[in-house]
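Side-chain atoms are counted along with the backbone in the values below, which use heavy atoms only and exclude waters and symmetry mates. Residue indices begin at 1 and follow the sequence shown.
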Amino acid sequence: MARKDARQAHRVAGSETSPRTSRRWLLGSIAILAITVCAAVKSVGTAPEANAQSPANQAAASQPVRQASAQSPAEQPIPEYQPPQHDVMAIVNGQDINRQQLAQACIERFGEDVLESLVNKRLIEHRCRNRGITVTDADIEAEVDRIAKRFKLDREQWLGLLEKERGVKPEEYKRDILWPTIALRRLAGTEIQVTQDELLRAYETRFGPKVQVRLIVLSDGKRAAQLQRQLAARSDDFARVAMQESEDVNSASIGGLIQPISLHVGDPLIEQAAFALERGQVSSVIQVENQFAIIKCENKIPPRKVAMEEVRSSLQEQIKEEKLRQVAGTVFEAVQKTATVKNVYNDPTLRNQMPGVVATVNGEQITMRELGA
């Protein structure tokens, strides 16, 4: 519980301080976006996990998807892999290493993970085709400009930041991250709207009051009760006890100190207890699921004086991205219910029956050649 809560507090604090940390927040959200679709399609026929709020958000969204052209969906064949004209990838002591040898080595090391990505591509492509949905190059370029502008960067600065800090090349970013983001929005079938209540809650989270606390987490309720009585009488011992007793590895080494707790973030019981404390006061034992937490208020941080109109646009974008991750799970659940996927790669019998094929998606083959590429 507390480990998740501490991580969530770090994320919230990191998203509100400066343009640099805001960029890190978006970079992090991009990485999260790439994880969810992979998890959602990992075991076809099983619904993806829902986003969690106990006590911290576990975000989700999408994985690489093939870029669609401006053709009508029915006219969009999945192109065969076309290797470069040269086939020699390296020369070691005068001996060539050819493309096929490199591809085979890659399959042996990364085949299962990359196959998930290829299955994801086909699933989303098929659904887009069935729905008559296309995502053009112009759509993707406009999305690059929109995101860069949001963070007050030009497009080249933004693409350079992605490549430097995340190792994501511009074409990979456009094809494997932006394409599925736009496709999922369109597959959702409705425009994502932000309510006034959602906007106010997001504003309070980012700019409202906060509480700086120390945290102790235990899995033993009786031991937690003992420590709570001890610390209620001697609150100055809290940091030392946290280092000795707390099971939250993220905060124990620094005396239980975590990022300030904000409104509407993480577990509501932790939040309610934190805001009820006065400086120097220790909470009662707070049970969240199967863990027990004790917190001490170190300081109360007043709200920041920022006009809503100055941040309305960025808050709306943040909320839309969070909703998009939720929509992604729903869309993939629907895709999975109607998809027929055979994982040939992991089934020795099927591999013998279908040589050169690693999977089929709705009857369409994904070849070993394509996986290697």
(message) I need the single residue from Q318, Q193, E198 that forms a side chain to side chain donor-acceptor pair (under 3.5 Å) with K323. Which is it?
(response) E198

(request) Starting at CD of Q244, measure out to CG of D237 and round the result to the nearest 0.5 Å. (result) 9.0 Å

(request) Over all heavy atoms of both residues, which pair between I261 and A274 is shortest? Give the atoms and the distance, please. (result) CD1-CB, 3.9 Å

(message) Could you report the tightest heavy-atom contact between R186 and T134, atom names first, then the distance?
(response) NH1-O, 2.6 Å

(request) Would you name the heavy atoms of S235 and V282 that are closest together and state the gap between them? (result) CB-CG2, 3.8 Å

(message) If hydrophobic clusters are built from ILVMFWY residues whose side chains come within less than 4.5 Å, do V194 and L200 share one?
(response) yes

(message) Against I294, only a single residue in L227, V217, L215 fulfils side chain to side chain contact (heavy atoms under 4.5 Å, CB included); can you say which?
(response) L227

(request) Using a 4.5 Å cut-off on heavy atoms from C-beta on, say whether the side chain of D220 contacts that of F292. (result) no

(request) Rounded to the nearest 0.5 Å, what's the gap from CZ on F238 to CG on L257? Could you check? (result) 10.5 Å

(request) Applying side chain to side chain contact (heavy atoms under 4.5 Å, CB included) between I133 and each of I124, I182, L187, report the one that passes. (result) L187

(message) Tell me if a side-chain donor or acceptor on D139 pairs with a main-chain N or O of T136 at a distance below 3.5 Å.
(response) yes

(request) Apply the test side-chain contact (heavy atoms from CB on, under 4.5 Å) to residues I177 and L162: give CA-CA distance (whole Å), side-chain angles for both, the deciding distance (0.1 Å), then the verdict. (result) CA-CA 12 Å; I177 296 174; L162 284 172; over 6 Å; no

(request) Measure across R214 and G255 and return the closest heavy-atom pair with its distance rounded to 0.1 Å. (result) NH1-O, 3.1 Å

(message) Give me the atom names and distance for the closest heavy-atom approach of C297 to L277.
(response) CB-CB, 3.7 Å

(message) For N362, is there any backbone N or O sitting under 3.5 Å from a side-chain donor or acceptor partner on T340?
(response) no

(message) Between N98 (side chain only) and V88 (backbone N and O only), is there a donor and an acceptor less than 3.5 Å apart?
(response) no

(request) May I ask you to test the P302-P209 pair for a side-chain heavy-atom distance under 4.5 Å? (result) no

(request) Write down the atom of S246, the atom of A252, and the distance for their closest heavy-atom approach. (result) O-CB, 3.9 Å

(request) To the nearest 0.5 angstrom, please state how far the CZ atom of R304 sits from the CZ atom of R206. (result) 8.5 Å

(message) Can you tell me which residue among R155, R185, K174 is in a salt bridge (charged side-chain N to carboxylate O under 4.0 Å, His left out) with E143?
(response) R185

(message) Is there a side-chain contact between I270 and V213 in this structure, where contact means two heavy atoms from C-beta onward sitting under 4.5 Å apart?
(response) no

(message) Using side-chain heavy atoms (C-beta onward) and a distance below 4.5 Å, is V361 in contact with E125?
(response) no

(message) Let me confirm one number: the OG-CD distance from S283 to Q228, rounded to the nearest 0.5 Å.
(response) 6.5 Å

(request) Using side chain to side chain donor-acceptor pair (under 3.5 Å) as the criterion, list what pairs up with K169, not counting sequence neighbours. (result) none

(request) Look at the aromatic rings of F151 and W158 and report parallel, tilted or perpendicular, splitting at 30° and 60°. (result) parallel

(request) Answer yes if V168 and L159 sit in the same cluster of Ile, Leu, Val, Met, Phe, Trp and Tyr residues linked by side chain heavy atoms under 4.5 Å apart, and no otherwise. (result) yes

(request) Report the distance from atom NZ of K342 to atom CG of L350, rounding to the nearest 0.5 Å. (result) 6.5 Å

(request) Mark yes or no for whether Y173, through its side chain, and E163, through its backbone, hold a donor-acceptor pair below 3.5 Å. (result) no

(message) For the CZ atom on R146, are there more than 12 heavy atoms of other groups (residues, nucleotides or ligands in this structure) within a distance under 6.0 Å?
(response) yes

(request) Could you check if a side-chain atom of L231 sits within less than 4.5 angstrom of a side-chain atom of K296, using non-hydrogen atoms only? (result) no

(request) Evaluate the criterion side-chain contact (heavy atoms from CB on, under 4.5 Å) for residue pair R234 and R240; output intermediate values, then yes/no. (result) CA-CA 11 Å; R234 297 180 57 87; R240 177 183 58 80; over 6 Å; no

(request) Answer yes or no: are there more than 12 heavy-atom neighbours, outside R279 itself, under 6.0 Å from its atom CZ? (result) no

(request) Identify whether V211 and L269 are in the same connected component of the hydrophobic contact network (ILVMFWY, side-chain heavy atoms under 4.5 Å). (result) yes

(request) Please round to the nearest 0.5 Å and tell me the distance separating atom CD of Q259 and atom CD of Q212. (result) 7.0 Å

(message) Counting only heavy atoms from other residues, nucleotides and ligands, does the tally under 6.0 Å from CD of Q272 exceed 12?
(response) no

(request) Kindly say whether F275 contributes a backbone atom to a donor-acceptor pair with the side chain of K300 at under 3.5 angstrom? (result) yes

(message) Would you say that I91 contacts D96 through its side chain, given a criterion of any heavy-atom pair below 4.5 Å between the two side chains?
(response) yes

(request) Would you mind reporting whether M308 and L199 have side-chain heavy atoms less than 4.5 Å apart? (result) yes

(message) If you define the side chain from C-beta out and look only at heavy atoms, does anything of L123 sit under 4.5 Å from V341?
(response) yes

(message) According to a hydrophobic-cluster definition based on side-chain heavy atoms being under 4.5 Å apart (Ile, Leu, Val, Met, Phe, Trp, Tyr only), do Y345 and I366 belong together?
(response) yes

(request) Say whether I301 and V311 are linked into one hydrophobic cluster, either directly or through other cluster members, by side-chain heavy-atom distances under 4.5 angstrom. (result) no

